[in-house]
Amino acid sequence: MKMRSPLSYILLFLVTLTFAVSCTNPAVYIKTTTEMQEASSVAAGAVRLGFSAWPGWFPWQVAQEQGIFKANNVPVDLKWFDGYLESISTLTAGQIDANSQTLGDTVSSVAGGADQVIVLVNDNSTGNDKVIVRNGINSVADLKGKKVAAEEGTVDHFLLLQGLKKAGLSAQDIQFVPLETGKAASAFVGGQVDAVAVFAPFTTQALKRAGSKELFSSKEFPGAISDHLVFSRKFVDAHPDKVQAMVNSWFATLDYMKANQNKSYDIMAKRAGVKTDEYKQYADGTRIFTVEENLKAFQPGNDMSSLQFAAQEMTKFLTQAGLAKTQPDLSKLFDDRFVQAYAEKSKKS
């Protein structure tokens, strides 16, 4: 006779236990089964949205906690990423449907073969991306020969190079130290590098080094760093109704935040891991885009306020820096029909 495996004994025990529980208290069993089925159903049809530590993306946490997704009839599996680049690679791998990411990183992903679509402008950085330096460095020229850390290929790397270019320097004039953003901030605080290019809330961490200060920020480079809701094209083609619901939810969240500012700050500060008063300091460094600003940004233009122009400039940066081996196809990168639809609906209501 064939012996039972240990797994068989475990399964038999679980079946027996389930039967005993159901006989003792049928309501417990029925409730648990229903909840599991509902959870499975929601998970199966939910939009898998990634986001990470950036003030312009923390409103997604507000949307989740205040039931705004549910009010717009769109189940959302909101996924938090401690590492920003991990969220990008997860979208590229198709393990999430949408992500919160910058224009530059989206262009980089497309250059690498990803098929992605920008459907919404969350914000522009207006000071929350900074180059922070140690005591004794008082100008960009002083960075020459110094160790400067940043996450290679990201917008803060781009900001660093823009600042160097404006001062007549190049990437070859510094000792560039490529580190993940959180590790870059830690390395700066630990005295391992002389300067660091990071975004909020990591700017707060970097500025804890005694004598450190901001050298320049995204405030000096308007439009250089824009942040977006980015979907895989496959999802947009298959579920345009859910994409629309996500865009609607975003603007509904902004309305909620305007009417409930203190509560919203508390929610976002908690997600950021900082005190509410500290989080409020980020407000001026991030310009959350209105519907009208969204519509304008999607239009062609000759400066960085136009997404199409900015994407072309970012392509040049990535190519010159050797971070993109092929020219990305930008012709289908932007899809403003969902913002347009929301704007039209708002006019009628």
Side-chain angles (χ1 to χ4, degrees), residues 47-51 54 56-57 59-60 63 68-69 72-74 76 87-88 91-92 96-111 114-126 155 222-255 257-258 286-315 327-349:
V47 178
R48 299 170 298 172
L49 170 64
F51 77 128
W54 172 250
W57 298 328
W60 290 127
I68 296 173
F69 293 131
N72 283 275
N73 300 312
V74 57
V76 175
S87 73
I88 297 174
L91 176 63
T92 301
I96 53 178
D97 307 306
N99 191 39
S100 307
Q101 56 193 53
T102 68
L103 173 60
D105 295 319
T106 305
V107 170
S108 180
S109 295
V110 172
D115 198 2
Q116 299 176 354
V117 185
I118 290 175
V119 302
L120 172 74
V121 183
N122 299 116
D123 67 273
N124 268 196
S125 176
T126 53
V155 290
I225 301 176
S226 58
D227 304 295
H228 306 273
L229 173 59
V230 183
F231 277 89
S232 68
R233 189 175 306 281
K234 180 180 178 181
F235 190 89
V236 173
D237 290 344
H239 306 285
D241 56 329
K242 290 184 179 180
V243 177
Q244 185 66 63
M246 291 297 292
V247 171
N248 295 350
S249 295
W250 174 259
F251 289 116
T253 302
L254 300 188
D255 289 340
M257 289 170 58
K258 187 176 181 180
T286 304
R287 181 189 180 104
I288 302 293
F289 267 37
T290 63
V291 179
E292 292 74 23
E293 288 170 328
N294 260 271
L295 294 172
K296 183 178 179 182
F298 278 101
Q299 298 304 308
N302 298 314
D303 58 36
M304 295 296 282
S305 66
S306 165
L307 292 177
Q308 295 179 32
F309 180 89
Q312 292 169 357
E313 290 300 300
M314 189 58 66
T315 298
Q327 289 285 331
D329 180 6
L330 304 177
S331 63
K332 298 180 180 179
L333 179 58
F334 305 107
D335 191 343
D336 66 346
R337 61 179 149 148
F338 305 103
V339 174
Q340 291 275 7
Y342 178 84
E344 287 299 319
K345 183 179 179 181
S346 297
K347 288 179 181 179
K348 296 176 182 178
S349 59

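All values derive from a computational prediction rather than experimental measurement.
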Separation of Thr102 OG1 from His228 NE2 (nearest 0.5 Å): 7.5 Å
Smallest separation among heavy atoms of Val110 and Pro328, with atom names: CG1-CB, 3.9 Å
Between CD1 on residue Ile118 and OG1 on residue Thr106, distance to nearest 0.5 Å: 4.5 Å
4.5 Å side-chain heavy-atom contact, Ser346 and Val291: no
Heavy-atom closest contact (Ser125 atom, Asp227 atom, distance): N-OD2, 4.3 Å
Euclidean distance, Asp105 CG relative to Ile88 CD1, rounded to 0.5 Å: 4.0 Å
Smallest separation among heavy atoms of Met304 and Pro222, with atom names: CB-O, 3.6 Å
Exercise: identify the closest heavy-atom pair between Gly301 and Ser306: N-OG, 3.1 Å
Side-chain touch Leu120/Phe289, heavy atoms, less than 4.5 angstrom: no
Test item: side-chain donor near acceptor, Thr126 and Asn124, under 3.5 Å: no
Summary of salt bridge (charged side-chain N to carboxylate O under 4.0 Å, His left out) pairs that have at least one residue in residues 233-245, sequence neighbours excluded: Asp115-Arg233
Ser108 (side chain) donor-acceptor with Gly104 (main chain) under 3.5 angstrom: no
Heavy-atom check, side chain of Asn294 versus side chain of Asp336, under 4.5 Å: no
Shortest non-hydrogen contact from Leu91 toward Ser232: CD1-N, 4.3 Å
Side chains of Val121 and Glu293 in contact at under 4.5 Å (non-hydrogen atoms): no
Minimum side-chain heavy-atom gap Lys332-Val117 below 4.5 Å: no
Of all pairs that satisfy salt bridge (charged side-chain N to carboxylate O under 4.0 Å, His left out), the ones with a partner from residues 297-307, not counting sequence neighbours: none
Straight-line distance of Gln244 CD to His239 NE2, nearest 0.5 Å: 15.0 Å
From CD (Gln101) to CD (Gln116), nearest 0.5 Å: 5.0 Å
Whether Phe231 and Phe235 hold their rings parallel, tilted or perpendicular, with breakpoints at 30° and 60°: parallel
Non-neighbouring partners of Asp335 that pass salt bridge (charged side-chain N to carboxylate O under 4.0 Å, His left out), sequence neighbours left out: Arg337
Asn72 side chain to Ala245 backbone, donor-acceptor under 3.5 Å: no
Side chain to side chain contact (heavy atoms under 4.5 Å, CB included) involving Ser87 - partner list, sequence neighbours excluded: Ser52, Phe81, Tyr84, Asn99
Selection residues 328-349 - residue pairs positive for ring-ring contact (aromatic ring centres under 6.0 Å, His included), sequence neighbours left out: Phe251-Tyr342
Nearest heavy-atom neighbours spanning Ser109 and Thr92: OG-OG1, 4.0 Å
Spacing of Leu229 atom CG and Leu49 atom CG [to the nearest 0.5 Å]: 6.5 Å
Salt bridge (charged side-chain N to carboxylate O under 4.0 Å, His left out) partners for Lys348, two or more places apart: none
Residue pair Trp54 / Asn122, side-chain donor-acceptor N/O under 3.5 Å: no
